[in-house]
Amino acid sequence: MRLCHFSDSHLGAGESHPRRGESGLTLRQEDIVASFLQAVDKIIALKPDLCIHSGDLFHSVRPSNKILAIAGQQLYRLAVTHKIPTVVIAGNHDSPKQAHLDAALQIFAGIENLSIAADEKCEEFLIGSARILAVPHANDASAMKDIIRDCRPDRSCRYNILVTHGVASGMEQFSMAELGEMELPIESLKAFDYTALGHYHNYTCVAERVYYAGSTDRLSMSERDAAKGVIELSLDPFTVTFHELKTRPMIDLPALDATGLRGDQVADRVAANVAATDPADKIIRQVITGLTPEILNTIPTQFFRELKQTAFSLDLRMIPAAPQSGLSQFGRTAFGRLDKEFADYLSQTGIAGPDKEALLAEASRLLAPDE
């Protein structure tokens with residue numbers, strides 16, 4: 001049996017991009033849709049016996065009508081037009097927090113040859129010689145672990161496949177997992193002929209026959225070097241092929257330290273860094289450290305706005321300079337007695353001997369409060 005596995009398409013992401021295309025979506029939203037369409041085209045070309053999407057088809061619980069229409073059209077192409085049995089589960093981005101609300105995925109439940117698992121329970125689908133246990137995201141982490149542990153292969157079926165969405169326990173990549181992520185018991189995942197995972201955005205083999213397909217496009221700068229694509233696999237004999245998609249490049253430029261520079265010098269260096277990337281079709285981030293109000297005030301007016309027009313997307317991260325330790329006493333919002341404040345400051349300078357004593361005496365005469 002041959003199947004294709006893809007995941008985390010996050011349709012609708014990119015809404016904050018400043019420019020819109022003719023579709024009405026932002027240019028970045030169009031990017032993410034285009035990657036999803038590429039994945040669907042690749043699956044149709046491969047003609048598998050089964051297609052699986054392991055969650056986060058949408059970026060938000062309530063996608064726009066246009067995004068819903070795009071998703072519906074492509075799922076229809078897979079399941080009906082090309083007669084590829086398709087299973088889709090809800091990920092954490094697809095799943096409403098309120099129990100009385102349905103996931104947007106439910107709108108596609110009437111499409112022939114398409115199986116949807118969006119309620120917080122295990123759904124069983126029998127497709128050809130395979131038994132698929134589909135476990136969507138659940139808001140209760142403990143309950144979801146119990147559901148996964150109760151999922152067991154049925155050896156009367158030739159193939160047993162688990163589809164779920166969350167964090168595979170023990171993976172180094174999740175040592176700093178987000179609050180609320182679902183941790184999945186690894187031993188339960190390894191019991192199946194194949195386990196199709198969603199949530200982690202990079203293509204990864206977790207264990208033998210346990211895989212994350214990764215996302216179909218890059219959703220953050222941390223994914224800038226990760227290939228995006230679709231898994232094609234055969235269950236007998238077990239073989240895996242990763243088909244890479246063409247996605248927009250992301251470039252994280254080396255941080256620029258502005259310490260000791262004038263604003264115009266910072267502008268020139270940032271402009272040169274960005275220009276060297278051939279930025280028109282790229283997503284670029286430039287971090288600038290050591291910035292002071294004086295530097296910012298001397299950067300040419302309109303510089304950043306005009307520079308951003310040269311790139312598809314340019315994220316300029318401004319990090320202020322750390323306060324000078326020798327002047328830390330003057331960074332406080334409240335002062336004590338002025339003569340004591342001056343004495344504290346003087347103790348941090350290199351002045352010593354008679355000069356220091358003379359200064360302290362004069363400060364005491366001038367700054368001490370009247371009795």
Query raised in the report: Is the shortest heavy-atom distance from the side chain of Leu105 to the side chain of Leu57 under 4.5 Å?
Result: yes

Requested in this report: Return the orientation label for the His10 and His93 ring planes: parallel under 30°, perpendicular over 60°, tilted otherwise.
Outcome: perpendicular

Report task. Please check if any side-chain donor atom of Asn92 sits under 3.5 Å from a side-chain acceptor atom of His165, or the reverse. Result -> yes

Query - Test log, rule side-chain contact (heavy atoms from CB on, under 4.5 Å), inputs His243 and Ile43 - result: CA-CA 10 Å; His243 297 276; Ile43 293 165; over 6 Å; no

Query - Check: Ala103 main-chain N/O paired with Gln106 side-chain donor or acceptor under 3.5 Å - result: no

Query raised in the report: Between Leu101 and Arg62, is any pair of side-chain heavy atoms under 4.5 Å apart?
Result: yes

Query raised in the report: Between Leu307, Leu314, Val274, which is the residue that forms a side chain to side chain contact (heavy atoms under 4.5 Å, CB included) with Pro279?
Result: Val274

Query raised in the report: Ser35 side chain to Asp31 main-chain N or O, any donor-acceptor pair under 3.5 Å?
Result: yes

Requested in this report: Report, as yes or no, whether the 6.0 Å neighbourhood of atom CG on Asp154 holds more than 12 heavy atoms from other residues, nucleotides or ligands.
Outcome: yes

Query raised in the report: Could you give the distance from CG (Asp94) to NE2 (His53), rounded to the nearest 0.5 Å?
Result: 8.0 Å

Requested in this report: Would you confirm whether Asp8, through its side chain, and Gly198, through its main-chain N or O, come within 3.5 Å as a donor-acceptor pair?
Outcome: no

**Report entry** Path from Phe36 to Ile111 over hydrophobic side-chain contacts below 4.5 Å
**Finding:** yes

**Report entry** Derivation and outcome, side-chain contact (heavy atoms from CB on, under 4.5 Å), residues Val163 and Leu133
**Finding:** CA-CA 6 Å; Val163 185; Leu133 297 183; over 6 Å; no

Report task. Give the ring-plane orientation class for Phe238 versus Tyr211, where under 30° counts as parallel, over 60° as perpendicular and anything between as tilted. Result -> tilted

Query raised in the report: With a 4.5 Å heavy-atom cut-off, do His59 and Leu11 have their side chains touching?
Result: no

**Report entry** Between OG on residue Ser95 and CG on residue Asn139, distance to nearest 0.5 Å
**Finding:** 6.5 Å

Query raised in the report: Just wondering, are more than 12 heavy atoms of other shown residues or ligands nearer than 6.0 Å to CD in Glu208?
Result: no

Report task. Could you tell me whether the side chain of Ser313 and the main chain of Ile283 form a donor-acceptor pair under 3.5 Å? Result -> no

Query - Partner of Asp236 under salt bridge (charged side-chain N to carboxylate O under 4.0 Å, His left out), chosen from Arg209, Arg2, Arg158 - result: Arg158

Report task. Check whether any side-chain N or O of Asp56 sits under 3.5 Å from a backbone N or O of Phe58 as a donor-acceptor pair, and report yes or no. Result -> no

Query raised in the report: Under 3.5 Å, side chain of Lys83 to main-chain N/O of Ala79, donor-acceptor pair present?
Result: no

Query - Lys66 atom NZ: more than 12 heavy-atom contacts under 6.0 Å - result: no

Requested in this report: Could you tell me whether the side chains of Ser23 and Glu30 share a donor-acceptor contact shorter than 3.5 Å?
Outcome: yes

Query raised in the report: Are the side chain of Ser215 and the backbone of Arg218 linked by a donor-acceptor contact shorter than 3.5 Å?
Result: no

Query raised in the report: According to a 4.5 Å side-chain heavy-atom criterion applied to Ile, Leu, Val, Met, Phe, Trp and Tyr, with indirect links allowed, do Ile89 and Leu50 form part of one hydrophobic cluster?
Result: yes

Requested in this report: State, with a plain yes or no, whether a side-chain heavy atom of Phe304 is found less than 4.5 Å away from one of Leu316.
Outcome: yes

Query raised in the report: Is there side-chain contact between Arg77 and Asp41, with heavy atoms separated by less than 4.5 Å?
Result: yes

Query raised in the report: Per the side chain to side chain contact (heavy atoms under 4.5 Å, CB included) rule, which among Ile127, Ile161, Ile116 passes with Val87?
Result: Ile127

**Report entry** Within one Ile-Leu-Val-Met-Phe-Trp-Tyr cluster: Val230 and Ile52, side-chain cutoff 4.5 Å
**Finding:** no

Query raised in the report: Are any of the side-chain heavy atoms of Pro48 and Ile84 separated by less than 4.5 Å?
Result: yes

Query - Neighbour count >12 (heavy atoms, 6.0 Å) for atom CZ, Arg248 - result: yes

Report summary line: Output for pair (Glu123 CD, Ile132 CD1), nearest 0.5 Å, gives 12.5 Å

Requested in this report: Would you indicate whether Ile107, at its atom CD1, is surrounded by more than 12 heavy atoms from other residues, nucleotides or ligands within a distance under 6.0 Å?
Outcome: no

Requested in this report: Give a yes or no on this: more than 12 heavy atoms of other residues, nucleotides or ligands lie within 6.0 Å of atom CZ of Phe303.
Outcome: yes

Requested in this report: Evaluate the side-chain contact (heavy atoms from CB on, under 4.5 Å) criterion for residues Asp146 and Arg149: first the C-alpha distance (whole Å), next the side-chain angles of each, then the deciding distance (0.1 Å), finally the verdict.
Outcome: CA-CA 5 Å; Asp146 290 341; Arg149 288 194 180 100; 3.9 Å; yes

Query raised in the report: Nearest 0.5 Å, what's the OH-CE distance between Tyr159 and Met1?
Result: 8.0 Å

Report task. Please report the C-alpha distance between Asp217 and Arg28 in whole Å, then the side-chain angles of each, then the deciding distance to 0.1 Å, and finally whether the salt bridge (Lys or Arg N to Asp or Glu O under 4.0 Å) criterion is met. Result -> CA-CA 11 Å; Asp217 205 320; Arg28 186 62 186 139; 3.3 Å; yes

Report summary line: Nearest heavy-atom approach of Gln29 to Gly12 is NE2-O, 2.9 Å

**Report entry** Full working for side chain to side chain donor-acceptor pair (under 3.5 Å) between His5 and Tyr194
**Finding:** CA-CA 10 Å; His5 170 202; Tyr194 182 65; 2.8 Å; yes

Report task. Report yes or no: does Arg20 contribute a side-chain atom to a donor-acceptor pair with the main-chain N or O of Gly24 at less than 3.5 Å? Result -> yes

Query raised in the report: Taking C-beta and beyond as the side chain, do Ile299 and Asp264 meet within less than 4.5 Å on heavy atoms?
Result: no

Requested in this report: Determine the sole option in Asp315, Thr277, Asp252, Leu256 for which the side chain to side chain contact (heavy atoms under 4.5 Å, CB included) test with Gln286 is passed.
Outcome: Leu256

Query raised in the report: Under a single-linkage definition using a 4.5 Å side-chain heavy-atom cutoff for Ile, Leu, Val, Met, Phe, Trp and Tyr, are Leu291 and Val287 assigned to the same hydrophobic cluster?
Result: no

Report task. Would you check if the side chain of Arg305 reaches a backbone N or O of Gln302 as a donor-acceptor pair within less than 3.5 Å? Result -> no

Query raised in the report: Between the side chains of Thr259 and Asp257, does any donor sit under 3.5 Å from an acceptor?
Result: yes

Query raised in the report: How many angstroms lie between atom OG1 of Thr289 and atom CD1 of Ile319, to the nearest 0.5 angstrom?
Result: 6.5 Å

Query raised in the report: Going hydrophobic residue to hydrophobic residue with side-chain gaps under 4.5 angstrom, can you get from Leu37 over to Leu75?
Result: yes

Report task. With rounding to the nearest 0.5 Å, note down the distance linking CG in Leu235 to CZ in Phe192. Result -> 13.0 Å

Query raised in the report: Taking C-beta and beyond as the side chain, do Leu197 and Val206 meet within less than 4.5 Å on heavy atoms?
Result: yes

Report summary line: Taking every heavy atom of Thr292 against every heavy atom of Ala321, the minimum-distance pair comes out as CG2-CB, 3.9 Å

Report task. Evaluate whether atom CZ of Arg155 has more than 12 neighbouring non-hydrogen atoms of other residues, nucleotides or ligands under 6.0 angstrom away. Result -> yes

Report task. Evaluate the criterion side-chain contact (heavy atoms from CB on, under 4.5 Å) for residue pair Val135 and Cys151; output intermediate values, then yes/no. Result -> CA-CA 9 Å; Val135 182; Cys151 290; 3.8 Å; yes

**Report entry** Main-chain N/O of Thr241 paired to Glu232 side chain as donor or acceptor, under 3.5 Å
**Finding:** no

Query - With Asn202 via side chain to side chain contact (heavy atoms under 4.5 Å, CB included) - residues at least two apart - result: Tyr200, Thr204, Glu223, Ala226, Lys228

